[in-house]
Amino acid sequence: MLALGGALWFGQAALETQAQDASVEGPMFEVDPFWPKPLPNNWLLGMAIGLWVDDEDHIWMIHRGSSTLDDNEKTAELEPKVTQGCCTGAPPVLVFDKEGNLLDSWGGPGEGYDWPASNHGLHVDYKGNVWIGGNGADDAMVLKFTKDGKFLMQVGGSGTNAGSNDEENFGRVAKIWVDPETNEAYLADGYGNKRVAVIDADTGEMKRFWGAYGNKPDDTDLGPYDPDAEPAQQFRNPVHCVERAVDGLVYVCDRVNNRLQIFQPDGTFVKEAFYAKETLGAGSTWDIAFSPDPEQRFVYLADGMNRVVRILERESLEEISAFGGGGRQPGQFYGVHSIAVDSDGNVYTTETWEGKRIQKFVNKGIGQIERDQGTAWPRS
């Protein structure tokens with residue numbers, strides 16, 4: 001009996017140790033299944049491919065609308081109309097408050113600019129200007145608007161890209177981020193080109209650009225990604241995100257290479273980290289957002305191919321946890337594409353492909369979290 005009791009005690013102790021090893025201290029989230037509130041006018045979202053939270057904690061998103069809706073979804077747009085009410089594609093740019101109320105909507109073709117054939121990425125800069133890129137076959141431009149949709153500037157043209165060393169045009173830009181300290185716009189350039197480009201945010205003048213490891217960009221076809229090969233010395237398409245942290249380091253998503261590369265603002269390479277390195281297809285590193293604490297302790301990494309949000313310690317780049325998982329229920333993902341954080345630490349995500357939605361994950365503070373959290377469903 002004593003031997004049996006000792007064995008049971010040691011077994012229980014081992015299980016408790018394993019449970020402790022399976023958890024870590026980090027931010028806790030629960031999905032808000034009722035956010036946002038229903039859209040007016042029988043509007044539907046298409047592929048949702050850009051997201052930002054501005055200084056007023058308004059949540060901005062951009063999606064592709066009717067061009068990515070099936071005929072059975074947009075029946076009110078067909079001629080003749082198939083249904084009497086529902087549904088039509090919403091305008092490309094939508095703005096919500098933290099309670100999920102729709103505040104504004106606008107976007108699309110207009111006078112004086114080339115609206116992207118396939119819009120991609122949205123950023124609201126420190127002056128309140130709204131930047132939009134595009135990843136359509138001929139999209140070689142970025143656009144700049146006021147918050148109410150008034151056109152301000154176009155940099156680059158349509159069908160004018162001359163490659164990754166072009167100083168006037170771009171190659172299907174995926175994301176834009178504007179530095180409030182230098183008034184420089186960083187571009188993840190992108191789906192056609194293989195570089196980070198930096199321009200003056202007022203004039204559009206090219207300041208500098210670089211490829212992977214700070215190398216001069218090279219558009220040579222690298223072939224399919226091979227997880228067993230040596231790390232590629234150039235980015236693969238798409239270069240999918242760019243954003244600067246509070247310490248001045250610039251983070252770049254090299255999506256299909258499954259890595260984040262970190263640079264000084266002048267393009268000097270600092271370090272890199274790989275996530276789900278065996279991932280094929282569309283890759284694992286889609287977009288990032290930083291936690292709102294002064295040190296930006298955590299990085300939230302949207303992994304669309306594996307259908308999770310990864311939580312990283314920013315200092316070490318170590319992944320400590322992940323939440324999500326494949327599915328269409330609240331808190332699950334199909335093609336989680338873009339990610340943003342408000343001043344309270346709440347996380348917002350958009351989904352592309354057939355995901356076609358935006359979700360909110362409520363920050364529940366720091367606590368013990370599982371390394372694989374699964375669906376971030378409310379606990380009560």
Side-chain angles (χ1 to χ4, degrees), residues 15-37 48 51-54 57-59 61 96-100 241 243 245-246 251 253 260 273 275-276 284-351 355 357-380:
L15 288 174
E16 291 176 357
T17 299
Q18 290 174 4
Q20 291 172 358
D21 290 343
S23 65
V24 65
E25 184 181 84
M28 302 181 294
F29 296 99
E30 294 180 0
V31 68
D32 181 347
F34 300 108
W35 195 98
K37 296 176 182 178
L51 185 63
W52 193 257
V53 178
D54 69 15
D57 269 346
H58 293 161
I59 297 90
M61 69 168 295
F96 301 92
D97 62 20
K98 288 197 294 186
E99 287 69 47
C241 84
E243 195 166 335
V246 290
Y251 290 64
C253 297
L260 288 180
Y275 302 96
S284 67
T285 54
W286 289 42
D287 193 16
I288 62 165
F290 301 113
S291 58
D293 54 285
E295 297 79 23
Q296 295 180 330
R297 178 182 173 187
F298 300 105
V299 180
Y300 304 113
L301 171 65
D303 179 347
M305 199 69 193
N306 294 298
R307 299 164 172 81
V308 295
V309 169
R310 303 183 186 278
I311 302 176
L312 318 178
E313 286 271 10
R314 191 173 72 84
E315 183 67 27
S316 66
L317 296 180
E318 176 189 357
E319 178 181 341
I320 62 169
S321 183
F323 64 85
R328 301 184 186 279
Q329 299 302 106
Q332 299 175 325
F333 299 116
Y334 180 55
V336 57
H337 185 279
S338 302
I339 191 164
V341 180
D342 67 22
S343 63
D344 292 327
N346 303 311
V347 168
Y348 302 84
T349 62
T350 63
E351 291 165 66
R357 64 176 171 178
I358 183 171
Q359 296 195 77
K360 178 180 181 177
F361 295 85
V362 179
N363 178 18
K364 307 300 287 187
I366 300 294
Q368 288 298 122
I369 55 177
E370 300 299 313
R371 293 188 181 275
D372 182 4
Q373 299 182 54
T375 303
W377 193 250
R379 295 168 176 80
S380 60

Query raised in the report: What pairs with Arg307 under side-chain hydrogen bond (donor to acceptor under 3.5 Å, both in side chains), at least two apart in sequence or on another chain?
Result: none

Query raised in the report: Hey, does the side chain of Asn346 reach the backbone of Val362 with a donor-acceptor pair shorter than 3.5 angstrom?
Result: no

Report task. Enumerate the residue pairs fulfilling salt bridge (Lys or Arg N to Asp or Glu O under 4.0 Å) with a member in residues 331-345, sequence neighbours excluded, ordered by first and then second residue. Result -> Lys98-Asp344

Query raised in the report: Is there side-chain contact between Tyr300 and Phe29, with at least one heavy-atom pair below 4.5 Å?
Result: yes

Report summary line: In terms of heavy-atom contacts, Ser23 and Arg371 come closest through O-NH2, 4.3 Å

Query raised in the report: Looking at side-chain heavy atoms only, is the closest gap between Val24 and Ile369 below 4.5 Å?
Result: yes

Query raised in the report: Atom OG of Ser343 and atom CG of Asp293: how far apart are they, to the nearest 0.5 Å?
Result: 12.5 Å

Query raised in the report: Taking all non-hydrogen atoms of both residues, which atom of Leu317 and which atom of Tyr275 are closest, and how far apart?
Result: O-OH, 2.5 Å

Requested in this report: Mark yes when over 12 heavy atoms from residues, nucleotides or ligands other than Glu315 sit less than 6.0 Å from its CD; otherwise mark no.
Outcome: no

**Report entry** Tyr348 side, atom OH; Ile339 side, atom CD1 - distance, nearest 0.5 Å
**Finding:** 12.0 Å

Report task. Of all the heavy-atom pairs spanning Ile288 and Cys253, show the shortest one and how long it is. Result -> CG2-SG, 4.1 Å

Query raised in the report: With Gln296, which residues qualify under side chain to side chain contact (heavy atoms under 4.5 Å, CB included), at least two apart?
Result: Ala245, Val246, Phe290, Arg314

Report task. Kindly indicate whether the side chain of Ile358, heavy atoms from C-beta on, has any atom under 4.5 Å from the side chain of Ile59. Result -> yes

Query raised in the report: Mind checking whether Tyr251 and Thr285 have side chains closer than 4.5 Å, heavy atoms only?
Result: no

Which atom pairs, donor and acceptor, lie under 3.5 Å between side-chain atoms of residues 322-336 and protein residues at least two apart or in another chain?
| from | atom 1 | to | atom 2 | distance (Å) |
| --- | --- | --- | --- | --- |
| Arg328 | NH1 | Glu354 | O | 3.4 |
| Gln332 | OE1 | Arg328 | N | 3.4 |
| Gln332 | OE1 | Gln329 | N | 3.1 |

Report summary line: Taken in chain and number order and not counting sequence neighbours, the residues that satisfy side chain to side chain contact (heavy atoms under 4.5 Å, CB included) with Ala276 are Thr279, Ser284, Asp303, Asn306, Arg310

Extract all donor-acceptor atom pairs below 3.5 Å that involve side chains of residues 372-379 and protein atoms in other chains or at least two apart in sequence.
| from | atom 1 | to | atom 2 | distance (Å) |
| --- | --- | --- | --- | --- |
| Gln373 | NE2 | Ser321 | OG | 2.7 |
| Arg379 | NH1 | Glu30 | OE2 | 3.0 |

Requested in this report: Mind running side-chain contact (heavy atoms from CB on, under 4.5 Å) on Val53 and Val341 for me, showing each step along the way?
Outcome: CA-CA 7 Å; Val53 178; Val341 180; over 6 Å; no

Report summary line: Heavy-atom closest pair (Cys241 atom, Asp287 atom, distance to 0.1 Å) is CB-OD1, 3.5 Å

Query raised in the report: Of the non-hydrogen atoms in Ile320 and Glu25, which two are nearest, and what is the gap between them?
Result: CD1-O, 3.8 Å

